[in-house]
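Here the structure is a predicted model, which means the values were calculated and not measured.
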Amino acid sequence: MPIYSPPLRDMQFVLHELLDVTEEFKALPQHAEVDADTLNAVLEEGGKFAAEVTFPLNLSGDEEGCTLDKTTHEVTTPKGFKEAYKQYVEGGWAALSCDPAYGGQGLPFVANQCFYEMMNSANQAWTMYPGLSHGAYEALHVHGTEEQKKLYLPKLTSGEWTGTMCLTEPHCGTDLGLLRTKAEPQADGSYRITGNKIFISAGEHDMTDNIVHLVLARLPDAPAGSKGISLFAVPKFHVNADGSLGDRNPIYCGGLEHKMGIHGNATAQIVIDGATGSLVGQPNKGLAAMFVMMNAARLGVGNQSLGLTEVAYQNAVAYAKDRIQMRSLSGTKDKSQPADPIIVHPDVRKMLLTARAYAEGGRAMATYCALLLDKEIHHPDEKVRKDSAELVALLTPIVKAFITDNAWNATTQCQQVFGGHGYIHEWGMEQFVRDARINMIYEGTNTIQSLDLLGRKILGNNGASLKKFGKLVAKLVEEEGVNEKMAEFINPIAYLGDQMTKFTTEIGFKGSQNPDEVGAAAVDYLRVAGHLVFGYFFARMAQVSLKKIAEGSTDTFYLAKLQTARFYFAKLFPETATLMRTARAGARPLMDTDAVFA
């Protein structure tokens with residue numbers, strides 16, 4: 001059976017020693033009183049909930065899956081899911097970072113980020129039910145009318161109801177300009193929605209009394225393409241003026257997808273047969289409102305893969321310490337056993353260290369993004385809010401694509417550590433691999449994220465956002481450039497930082513001549529950018545660790561952090577050289593291939 005222990009020590013390191021979040025909170029009036037003890041206590045209890053309540057349901061939930069009653073269109077979730085959700089609501093976990101005006105606890109988004117990492121490690125499929133509600137909450141909180149906020153936000157905040165985002169249709173995925181779902185205005189100000197949606201995560205279940213669907217649809221006079229899309233709140237059950245539930249709205253599950261992974265989550269085909277909905281935001285401006293959900297979801301998907309990377313690593317390292325196989329190439333390590341534990345073998349360590357490095361780098365970047373979101377929303381200085389928003393926009397596609405690509409690599413390598421046992425269900429490793437695969441696909445495939453990063457976030461503003469992050473790298477290089485103990489961490493990011501300007505300019509120039517050049521380079525470019533960000537955070541983590549050791553700390557945590565950083569820069573970071581070379585190879589080897597596909 002799999003194991004999981006919340007990585008509280010590393011979370012505390014990132015929060016308090018690397019990012020010093022409580023000092024940052026002092027500048028945010030809403031969070032000025034949040035101290036380290038409060039954060040640590042919340043995360044300790046959150047870790048217990050993840051490890052003791054949802055993690056034991058992960059393997060069984062995957063095996064059982066969800067069941068659809070085609071007569072009633074009701075979905076039954078795996079055994080124990082509903083009861084765990086009740087505990088989640090009763091514990092107040094749904095309200096952690098929500099607005100106190102609607103019953104929320106008002107804690108920083110950073111707290112929610114760390115809590116959800118643990119939840120995703122414990123059970124990604126289960127966590128998607130409440131997780132998607134946060135996106136619906138945010139969209140309504142920003143774009144909803146006062147009536148919609150009063151009607152929906154208290155229930156979404158408490159977790160009594162869940163939310164979904166209904167975008168994809170059978171004939172279109174990312175290209176939302178092709179969607180056909182219709183919304184017809186009614187005399188009472190409501191809208192009659194008709195259409196079909198697919199791949200709707202948590203689209204139907206038995207864990208709450210109501211589900212608030214946020215649906216993209218077209219008004220009768222809407223312009224063609226993405227400029228003609230509106231957003232509507234469409235509840236599973238109508239809501240009466242007093243907040244009680246009324247009649248069933250004709251929006252229902254017509255089928256469940258049979259999937260490679262996340263079996264415990266209901267991925268629903270949604271039929272909308274003249275359902276009543278209310279407009280969210282302005283007519284034909286639905287994408288602006290939906291992007292609040294989508295950006296939250298993209299950060300959330302990165303967090304899902306971070307969670308899977310961590311739990312896969314924990315299981316693989318425990319197995320590698322216990323499993324004996326052959327003798328060490330450099331001589332017997334354990335004479336009391338007929339063979340040595342496989343953790344003595346270099347390639348096993350390489351696989352384990354790859355997962356650990358990707359988990360620790362991902363945790364630092366994801367937590368930093370959560371802190372930026374707190375500053376974007378709550379900082380009193382407009383310039384700080386603007387700068388934070390710009391950095392979050394730059395880093396969001398990297399969080400989504402780089403962390404999920406890394407998780408596919410990491411979970412696969414951790415499965416490999418188990419040998420044949422990794423292929424067997426009861427060990428749990430093959431589930432981590434299967435669950436990780438979807439994260440590279442949904443909420444915009446990783447190629448879409450790469451095009452967004454290179455085309456929109458970097459070339460779209462002439463590299464201004466990239467330069468803003470580059471200043472952080474340059475500042476660290478200036479601080480530590482003459483410190484010999486930091487050279488192995490500083491020199492690689494200093495070199496890559498210098499290379500990025502030339503690299504970006506070259507790709508941009510070629511793209512101005514032929515747009516396919518951007519498409520050909522984008523995926524490689526994002527991984528280079530991802531390594532620059534990871535490299536920056538690993539250098540900072542090494543900086544903190546070296547200072548602690550110099551101050552006399554004998555905590556092996558800091559030595560382990562340095563060893564992981566050394567591995568990352570020696571074995572993973574050099575990928576950037578190959579990536580820049582393949583990106584520079586251009587579009588011709590891809591597009592001048594008509595004979596291949598004839």
Side-chain angles (χ1 to χ4, degrees), residues 14 17-21 23-24 27 357 360-369 371-372 375-376 379 381 383-399 402 453-454 457-509 524-547 561-562 565-566 568-570 572-577 579-580 583-584:
V14 171
E17 299 179 69
L18 177 69
L19 300 178
D20 199 6
V21 295
E23 188 63 30
E24 297 270 14
E360 292 185 5
R363 182 172 297 118
M365 178 167 68
T367 309
Y368 176 69
C369 284
L371 177 60
L372 288 175
K375 293 166 70 171
E376 176 190 351
H379 202 286
D381 187 324
K383 185 178 186 307
V384 174
R385 294 197 304 271
K386 183 179 178 182
D387 288 346
S388 298
E390 189 175 347
L391 279 174
V392 169
L394 174 74
L395 294 174
T396 294
I398 300 176
V399 168
F402 192 61
L453 175 71
L454 179 55
K457 304 294 174 55
I458 292 179
L459 298 180
N461 67 0
N462 295 315
S465 299
L466 182 63
K467 290 174 185 175
K468 193 159 289 185
F469 186 82
K471 288 179 180 178
L472 298 177
V473 177
K475 182 175 181 290
L476 181 61
V477 171
E478 186 178 350
E479 287 176 8
E480 298 288 357
V482 296
N483 183 349
E484 290 185 8
K485 291 184 178 180
M486 282 290 291
E488 62 185 310
F489 312 116
I490 290 296
N491 290 346
I493 62 170
Y495 178 77
L496 183 60
D498 288 341
Q499 289 286 304
M500 281 298 286
T501 300
K502 180 181 178 182
F503 180 48
T504 304
T505 301
E506 182 180 334
I507 299 299
F509 177 76
D524 292 339
Y525 186 94
L526 184 140
R527 283 203 65 78
V528 175
H531 277 299
L532 179 64
V533 177
F534 267 37
Y536 167 74
F537 282 114
F538 266 114
R540 283 188 58 186
M541 289 189 281
Q543 179 188 42
V544 173
S545 299
L546 283 169
K547 286 180 179 178
K561 186 65 70 176
L562 286 173
R566 288 187 182 116
Y568 170 76
F569 279 111
L572 301 180
F573 191 85
E575 178 189 14
T576 54
L579 291 166
M580 286 193 284
R584 285 177 165 133

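Remark: Arg584 engages Glu506 in a side-chain hydrogen bond (donor to acceptor under 3.5 Å, both in side chains) (not counting sequence neighbours). Asp387 is linked by a side-chain hydrogen bond (donor to acceptor under 3.5 Å, both in side chains) to Lys383, Lys468, counting only residues two or more places apart in sequence or in another chain. In terms of the side chain to side chain contact (heavy atoms under 4.5 Å, CB included) criterion, residue partners of Glu376 (sequence neighbours excluded) are, by chain and number, Leu373, Ser388, Ala389, Val392.
Nearest approach of Ala529 to Leu453, heavy atoms of both residues: CB-CD2, 4.1 Å.
Between His379 atom NE2 and Leu372 atom CG the span is 11.5 Å, to the nearest 0.5 Å. Taken to the nearest 0.5 Å, the NZ atom of Lys561 stands 9.5 Å off from the CD atom of Glu17. To the nearest 0.5 angstrom, Leu19 atom CG is 8.5 Å from Tyr368 atom OH. The distance from the CE atom of Met365 to the CG atom of Leu395 is 7.0 Å, given to the nearest 0.5 Å. With values rounded to the nearest 0.5 angstrom, Leu466 atom CG is found 10.5 Å from Leu391 atom CG.
At a threshold of 4.5 Å between non-hydrogen side-chain atoms, the residues Met580 and Val528 count as touching.
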_Full working for side-chain contact (heavy atoms from CB on, under 4.5 Å) between Leu526 and Leu454_ = CA-CA 7 Å; Leu526 184 140; Leu454 179 55; over 6 Å; no

Using a 3.5 Å cut-off and no angle test, enumerate the donor-acceptor pairs between side-chain atoms of residues 484-498 and protein atoms at least two apart in sequence or in another chain.
{"unit_1": "Glu488", "atom_1": "OE1", "unit_2": "Arg566", "atom_2": "NE", "d": "3.3"}
{"unit_1": "Glu488", "atom_1": "OE2", "unit_2": "Arg566", "atom_2": "NE", "d": "3.0"}
{"unit_1": "Asn491", "atom_1": "ND2", "unit_2": "Ala487", "atom_2": "O", "d": "3.4"}

Return a table of donor-acceptor pairs under 3.5 angstrom between the side chains of residues 530-544 and protein atoms on other chains or two or more places apart.
{"unit_1": "His531", "atom_1": "ND1", "unit_2": "Tyr568", "atom_2": "OH", "d": "2.8"}
{"unit_1": "His531", "atom_1": "NE2", "unit_2": "Glu575", "atom_2": "OE1", "d": "2.6"}
{"unit_1": "Tyr536", "atom_1": "OH", "unit_2": "Arg540", "atom_2": "NH1", "d": "3.2"}
{"unit_1": "Arg540", "atom_1": "NH2", "unit_2": "Leu18", "atom_2": "O", "d": "2.8"}
{"unit_1": "Gln543", "atom_1": "NE2", "unit_2": "Glu479", "atom_2": "OE1", "d": "3.4"}
{"unit_1": "Gln543", "atom_1": "NE2", "unit_2": "Glu480", "atom_2": "OE2", "d": "2.7"}

Output a table of donor-acceptor pairs, distance under 3.5 Å, between side-chain atoms of residues 457-465 and any protein atom two or more places apart or on a different chain; print 'none' if there are none.
{"unit_1": "Lys457", "atom_1": "NZ", "unit_2": "Ala393", "atom_2": "O", "d": "3.0"}
{"unit_1": "Lys457", "atom_1": "NZ", "unit_2": "Asp452", "atom_2": "OD2", "d": "2.8"}
{"unit_1": "Asn461", "atom_1": "OD1", "unit_2": "Gly463", "atom_2": "N", "d": "3.4"}
{"unit_1": "Asn461", "atom_1": "OD1", "unit_2": "Ala464", "atom_2": "N", "d": "3.3"}
{"unit_1": "Asn461", "atom_1": "ND2", "unit_2": "Ser465", "atom_2": "OG", "d": "2.8"}
{"unit_1": "Ser465", "atom_1": "OG", "unit_2": "Glu390", "atom_2": "OE2", "d": "2.8"}

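Between the side chain of Thr504 and the main chain of Thr501, no donor-acceptor pair closer than 3.5 Å is present.
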